[in-house]
Amino acid sequence: MNFGVLGGGVVGLTTALELQSQFRDAKVTIVADKWATETTSAVAAGIFRPAASFAGPTDEITQQWIDDAFAHWDELRKREGSAKVGICNLSGYIFSSTNPAIVRNSRIEKLLPLYRRATEDELKMCPGDWKYGSFFSTLLTEFRTFQPWAEKKFLGNGGKYVTRHVSKLTDLEKDFNLVFNCTGLGSKWMLGDNKLVPIRGQIIKVKAPWVKTAFYGDYDTYIIPGFEGVTLGGTRQFDSYNLNICKYDTASIRERCQDLLPSLRGAPVIRESVGLRPHRDPVRVEVEFFPTSHGKPMSVIHNYGHGGSGVTTSPGTAKYAVKLVRDALGGRSHL
């Protein structure tokens with residue numbers, strides 16, 4: 001088999017690695033016009049806390065994706081070592097002064113090693129009139145650390161990279177037996193998928209090695225320590241295509257995060273970044289057939305629309321996408 005994976009972000013990379021794992025003799029090629037730090041994946045803080053808006057076609061499938069993803073990252077951390085693959089344990093607090101639902105997350109409360117209500121003393125840890133809170137223990141995957149390791153593994157398994165702009169999926173009909181479409185927001189233009197909407201996120205990465213715990217507050221405020229520094233956020237601007245750093249967002253992020261954790265005042269900036277989260281409800285992981293010039297339909301498996309949960313949930317949707325192929329080749333459906 002000759003598989004093509006379209007998309008150079010974390011979803012494409014984890015899908016390609018899953019294909020190599022399940023089809024040892026297959027040829028796997030990743031095709032993209034943007035790689036690594038040029039992708040939205042490189043902006044993400046990577047904390048395993050899937051957004052409430054993350055949803056598959058059913059509740060059962062959604063939960064399976066999340067469960068499989070967490071198990072994958074945790075096993076990889078244990079097997080390879082945190083520093084090598086950029087995956088580590090991380091604990092954090094979520095505070096809210098407005099609504100108790102904000103500090104809950106039914107998808108992961110039973111999955112994570114620890115997820116509990118914050119005590120009265122913990123609610124006083126950070127300045128603010130916090131009425132509700134949760135403490136949790138989870139994982140963090142730093143894509144900028146994970147990506148070089150994953151790329152080396154992919155190439156070591158015989159994988160191949162091709163830099164190429166693809167305007168329509170049928171451009172690849174003669175190159176591969178089957179194509180996985182992991183183009184994220186690119187599918188909005190390539191497929192005319194109007195369910196796919198960008199949600200703009202801007203972050204500041206600062207040097208603050210004394211911060212060892214994550215903190216979330218109201219109004220999309222978050223402080224997440226990682227391998228390269230501490231991520232301060234954020235913004236969640238629906239249907240925005242602005243990839244430029246906005247000085248007003250910078251000021252707002254700084255003010256909100258410093259109000260939540262005053263020790264951040266004066267922390268030097270490492271970089272600022274903007275990414276467009278490819279949000280779709282539901283996330284699309286399914287087979288589609290395209291007519292071709294030679295008559296036989298071209299089989300494409302879509303895997304896109306993860307929103308702000310791409311880094312964390314990608315191994316789960318990759319496993320599901322590859323299972324669609326295995327089921328088809330096993331005769332349980334026509335591909």
Side-chain angles (χ1 to χ4, degrees), residues 5 7-19 21 39-77 85-90 92 105-113 115 136-144 146-147 150 180-185 187 195-199 201 214 216 222 224 226 231 234 236 275-286 301-324:
V5 177
V10 69
V11 177
L13 187 52
T14 52
T15 299
L17 288 171
E18 182 68 17
L19 280 168
S21 173
T39 68
T40 301
S41 304
V43 181
I47 189 169
F48 195 94
R49 182 176 172 259
S53 59
F54 177 82
T58 68
D59 284 344
E60 182 181 9
I61 291 173
T62 305
Q63 192 63 54
Q64 190 64 57
W65 290 349
I66 292 172
D67 292 352
D68 287 346
F70 186 84
H72 174 90
W73 290 129
D74 201 32
E75 171 59 28
L76 190 57
R77 174 189 65 84
V85 292
I87 306 167
C88 64
N89 290 312
L90 180 67
N105 190 321
S106 62
R107 297 287 187 198
I108 59 174
E109 286 183 15
K110 294 180 180 179
L111 172 64
L112 298 185
Y115 201 111
F136 63 99
S137 179
T138 188
L139 296 172
L140 178 135
T141 301
E142 184 90 67
F143 179 73
R144 287 172 181 257
F146 167 73
Q147 188 273 333
F180 287 76
N181 172 31
C182 306
T183 56
L185 194 60
S187 289
K195 286 188 176 182
L196 197 55
V197 179
I199 300 179
Y216 287 83
Y222 51 86
I224 303 174
T231 300
R236 198 168 295 271
L276 304 182
R277 306 172 180 99
H279 173 72
R280 190 182 191 275
D281 187 10
V283 178
R284 192 179 188 193
V285 189
E286 62 184 12
I301 294 183
H302 299 294
N303 185 8
Y304 67 84
H306 298 62
S309 303
V311 171
T312 53
T313 63
S314 57
T317 62
K319 184 175 181 178
Y320 186 86
V322 173
K323 184 177 183 296
L324 293 177

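Scope of the values below: all heavy atoms of this structure, side chains included, with no hydrogens, waters or symmetry mates.
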(message) Which label fits Tyr115 and Phe136: parallel for a plane angle under 30°, tilted from 30 to 60°, or perpendicular past 60°?
(response) parallel
(message) Between the side chains of Asp59 and Arg107, is the shortest nitrogen-to-carboxylate-oxygen separation below 4.0 Å, so that they form an ion pair?
(response) yes
(message) Regarding Asn181 and Ser187, do their side chains bring together a donor and an acceptor under 3.5 Å, going by distance alone?
(response) yes
(request) Please report the closest heavy-atom contact between Asn303 and Ala321, naming both atoms and the distance. (result) ND2-CB, 4.3 Å
(request) Give a yes-or-no answer on whether the side chains of Asp68 and Gln64 include a donor-acceptor pair shorter than 3.5 Å. (result) yes
(message) Using modelled atom types and a 3.5 Å cut-off, is there a donor and acceptor pairing between side-chain atoms of Arg144 and backbone atoms of Ala42?
(response) yes
(request) Decide yes or no for Val5 and Cys182: does some side-chain heavy atom of the first lie under 4.5 Å from some side-chain heavy atom of the second? (result) yes
(message) Quick one: does any side-chain atom of Thr62 pair with a main-chain N or O of Gly56 as donor and acceptor, under 3.5 Å?
(response) yes
(request) Quick one: pull up OG1 in Thr138 and CG in Asn89 and give me the separation to the nearest 0.5 Å. (result) 8.5 Å
(request) Verify whether one side chain among His306 and Thr317 offers a donor that lies under 3.5 Å from an acceptor in the other. (result) yes
(message) Run the side-chain contact (heavy atoms from CB on, under 4.5 Å) test on Phe146 and Leu76 for me, step by step, so that the C-alpha distance in whole Å, both residues' side-chain angles and the decisive distance to 0.1 Å come before the verdict.
(response) CA-CA 11 Å; Phe146 167 73; Leu76 190 57; 3.8 Å; yes
(request) Show your reasoning for whether side-chain contact (heavy atoms from CB on, under 4.5 Å) applies to Val285 and His302. (result) CA-CA 5 Å; Val285 189; His302 299 294; over 6 Å; no
(message) Restricting to non-hydrogen atoms, name the atom on Leu90 and the atom on Ile224 that form the minimum distance, rounded to 0.1 Å.
(response) CD2-CG2, 4.0 Å
(request) Could you pull out all residues at least two apart from Glu18 that satisfy salt bridge (Lys or Arg N to Asp or Glu O under 4.0 Å)? (result) none
(message) The criterion is ring pair (Phe, Tyr, Trp, His ring centres under 6.0 Å); which residues satisfy it with Phe143, sequence neighbours excluded?
(response) none
(request) Rounded to the nearest 0.5 Å, what's the gap from CD on Glu286 to OH on Tyr320? Could you check? (result) 9.0 Å
(request) To the nearest 0.5 angstrom, please state how far the CD atom of Glu142 sits from the CD1 atom of Ile87. (result) 11.0 Å
(request) State, to 0.1 Å, how close Pro198 and Leu276 come at their nearest heavy-atom pair, and which atoms those are. (result) CB-CB, 4.2 Å
(message) Less than 6.0 angstrom from the centroid, inside 45 degrees of the normal: does Arg280 satisfy that with respect to the ring of Phe54?
(response) no
(request) Would you check, one step at a time, whether the test ring-ring contact (aromatic ring centres under 6.0 Å, His included) holds for Phe70 with Trp65? (result) CA-CA 9 Å; Phe70 186 84; Trp65 290 349; over 10 Å; no
(message) Nearest 0.5 Å, please: how far is OG1 in Thr40 from CG in Leu185?
(response) 7.5 Å
(request) Given side-chain contact (heavy atoms from CB on, under 4.5 Å), test Arg49 with Ile108 step by step and report yes or no. (result) CA-CA 7 Å; Arg49 182 176 172 259; Ile108 59 174; 4.1 Å; yes
(message) Would you say Thr313 and Ser309 are linked by a side-chain donor-acceptor pair, where the criterion is simply a distance under 3.5 Å?
(response) no
(message) With rounding to the nearest 0.5 angstrom, report the CZ to CG distance, Arg284 to Leu196.
(response) 10.0 Å
(message) Return the CG to CH2 distance between Leu139 and Trp73, rounded to the nearest 0.5 Å.
(response) 10.0 Å
(request) Mind listing the closest non-hydrogen atom pair of Leu17 and Ala150 along with its distance? (result) CD1-CB, 3.9 Å
(request) Give a yes or no on whether a salt bridge exists between Glu75 and Arg77, defined as a side-chain N under 4.0 angstrom from a carboxylate O. (result) no
(request) Specify the closest pair of heavy atoms between Ser314 and Val10, including all atoms of both residues, with the distance to one decimal. (result) OG-CG2, 3.7 Å
(message) side-chain contact (heavy atoms from CB on, under 4.5 Å), that's the test. Do His279 and Asp281 meet it? Break it down for me.
(response) CA-CA 7 Å; His279 173 72; Asp281 187 10; 4.3 Å; yes
(message) Is the shortest side-chain heavy-atom distance between Ile66 and Phe48 below 4.5 Å?
(response) yes
(message) So which atom in Gly316 and which in Ala69 form the shortest heavy-atom distance, rounded to 0.1 Å?
(response) N-CB, 3.7 Å
